[in-house]
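Step one of this worksheet: look at the structure below.
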Amino acid sequence: MFKKSITASTCTLALAMTLGCSEAPKEEVKDTAPEAKVAMQAAPLKDAAPAVDNGKLFYALKNQNEEDKSRNSARNPIQTLDFFKVAPGMTVAEALPGGGWYSKILAYYLGSEGQLHGINYNDEMWARFGFFSEEDIQEAIERTAKFPDMVSEFVEKAPQSTGFTFNTPPDELTGTVDRVLFIRALHNVNRFEAEAGTMSEALATAKMLLKDGGLVGVVQHQAPETSSDKWADGSAGYLKKSAVIEMFRLGGFELVNESDINENANDIPTEKDTVWRLPPTYNGAADNPRLKEKVDAIGESNRMTLLFKKAQ
């Protein structure tokens, strides 16, 4: 069961790649108060879902190291992958897998009969952040092709795997992917949409990869709907849920389901905040016990959890 599921209706290079995040400016943490949740209507999902294997998901989590396990209570991987209807043996494309927190779970869960493909930023996008060295950029570019090596290190009987960027998807994957996952991966893609069309391209690639009946799962740091569009453009890590749904509509997708699995009512950022003030980054609070205590009381970010299909 999902929590109130609604149907029919640092940052270093490593962290930037792991969380799909940008460099976090140092700042103080503000006290926050709970915000009411807003339900939205969604179109029904008519396609029959393959069998989700929760037992195998539990087994996948047993293979996590202690650091990865410490994030489970905030990231809810079993409930999230169940909600996205990910099943063993599927072909899954994971956007911005970074250090592989979700990739490791997926590698165990999909098994040798499945496929797990990693999608990274386009090579030229790394320079747009403005703070990576040439050496860092080259390392980031090289990691794209090394994604299969990372997956094979996670599990002996690994899924078939490739790594590519949003503008270099292999032709042979067109129309073959069961699930495309954007887990905390949309903010920087949207951040450079105006100057480079990065969000439009990412959604076009997802649509091209999906087979008929395939689904796109989204987990994304959620901005209050009252935030200004300028602040909530992804540069602070947050996006409005309404904006994400509209982006997908314009990209040829239809919302079929949403859930509060990954919501955190304690996280109500102001426009002076970024998502990186929160754990596990603790920007601006790591060396300040008082601020860190406030941050720990908030927890990880408030996140929307959305499911899309290609529009008819």
Side-chain angles (χ1 to χ4, degrees), residues 1-9 20 37-54 57 74-97 102-103 105-106 109-110 114 116-117 119 175-187 189-190 199 202-223 225 239-264 301-312:
M1 294 290 293
F2 306 118
K3 297 184 292 182
K4 302 180 182 177
S5 176
I6 304 169
T7 306
S9 60
K37 298 175 183 177
V38 180
M40 302 182 71
Q41 292 292 327
L45 179 63
K46 298 179 181 179
D47 301 300
V52 174
D53 188 337
N54 281 324
L57 275 174
R75 298 180 180 180
N76 307 296
I78 291 179
Q79 299 95 320
T80 299
L81 293 177
D82 191 351
F83 179 75
F84 291 158
K85 306 180 188 296
V86 179
M90 276 188 168
T91 297
V92 173
E94 182 188 4
L96 307 182
Y102 254 104
S103 306
I105 298 171
L106 288 165
Y109 181 58
L110 297 175
L116 179 58
H117 305 284
I119 314 176
T176 68
V177 174
D178 296 287
R179 301 289 183 269
V180 178
L181 305 181
F182 289 92
I183 300 179
R184 306 187 311 278
L186 288 175
H187 44 283
V189 175
N190 189 69
M199 174 66 85
L203 297 185
T205 298
K207 188 176 182 182
M208 182 201 76
L209 292 172
L210 278 183
K211 63 171 55 173
D212 291 340
L215 300 170
V216 178
V218 171
V219 177
Q220 177 58 44
H221 312 297
Q222 183 172 336
E225 289 295 323
L239 297 172
K240 297 180 187 179
K241 185 198 297 186
S242 59
V244 172
I245 293 172
E246 178 64 7
M247 294 169 198
F248 273 82
R249 186 191 70 80
L250 293 174
F253 292 92
E254 185 177 359
L255 177 69
V256 296
N257 206 350
E258 64 179 293
S259 172
D260 65 359
I261 293 168
N262 295 298
E263 287 186 3
N264 176 9
S301 66
N302 181 42
R303 296 164 187 162
M304 66 187 88
T305 306
L306 308 174
L307 195 62
F308 296 91
K309 68 176 181 179
K310 290 191 286 188
Q312 302 298 315

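Here the structure is a predicted model, which means the values were calculated and not measured. Just the heavy atoms: all of them, side chains too, but no hydrogens, waters or symmetry mates, feed the values below.
- Residues V177 and A93 share a closest heavy-atom pair of CG1-N, 3.9 Å.
- A distance of 9.5 Å separates CG in L203 from CG in L250, rounded to the nearest 0.5 Å.
- At least one donor-acceptor pair under 3.5 Å links the side chain of D178 to the backbone N or O of T91.
- Taking CG of L81 as the start and CG of L110 as the end, the distance is 8.5 Å to the nearest 0.5 Å.
- Looking at residues two or more places apart in sequence or on another chain, you find no side chain to side chain donor-acceptor pair (under 3.5 Å) involving T205.
- When every heavy atom of L96 is checked against every heavy atom of A185, the shortest pair comes out as CD1-O, 3.4 Å.
- Judged by distance alone, the side chain of N264 and the main-chain N or O of N302 form no donor-acceptor pair under 3.5 Å.
- Partners of K207 under the side chain to side chain donor-acceptor pair (under 3.5 Å) rule, at least two apart in sequence or in another chain, do not exist in this structure.
- The side-chain contact (heavy atoms from CB on, under 4.5 Å) test applied to D53 returns K56, P88, Y109, not counting sequence neighbours.
- The two atoms that bring F182 and A206 nearest to each other are CE1-CB, 4.0 Å, heavy atoms only.
- In plain terms, the two heavy atoms of A87 and A51 that are nearest each other are CB-O, 3.1 Å.
- With sequence neighbours excluded, the residues forming a salt bridge (Lys or Arg N to Asp or Glu O under 4.0 Å) with K310 are D212, listed by chain and number.
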Give the C-alpha distance, both sets of side-chain angles, the deciding distance and a yes or no for side chain to side chain contact (heavy atoms under 4.5 Å, CB included) between L215 and N257. CA-CA 11 Å; L215 300 170; N257 206 350; over 6 Å; no
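- With rounding to the nearest 0.5 Å, the separation of OG1 in T80 from CG in L181 is 10.0 Å.
- Rounding to the nearest 0.5 angstrom, the gap separating the CD1 atom in I78 from the CG atom in L57 is 5.5 Å.
- Atom CG of L255 and atom NZ of K241 lie 8.5 Å apart (nearest 0.5 Å).
- One finds the CG atom of L239 at 6.0 Å from the CE atom of M199 (value rounded to the nearest 0.5 Å).
- Applying the ring pair (Phe, Tyr, Trp, His ring centres under 6.0 Å) criterion to F253, with sequence neighbours excluded, gives F248.
- For the side-chain hydrogen bond (donor to acceptor under 3.5 Å, both in side chains) criterion with Q220, the lone passing option out of R303, K240, H187 is H187.
- Among all heavy-atom pairs drawn from L307 and F83, the shortest one is CD2-O, 3.8 Å.
- Distance alone, capped at 3.5 Å, is enough to place a donor-acceptor pair between the E225 side chain and the S242 backbone.
- Evaluation of the side chain to side chain donor-acceptor pair (under 3.5 Å) rule for T305 yields N262 as partners, not counting sequence neighbours.
- For R179 (side chain) and M90 (main-chain N/O), no donor-acceptor pair under 3.5 Å exists by modelled atom type.
- When all heavy atoms are compared, the tightest approach of Y102 to E94 is CB-OE2, 3.5 Å.
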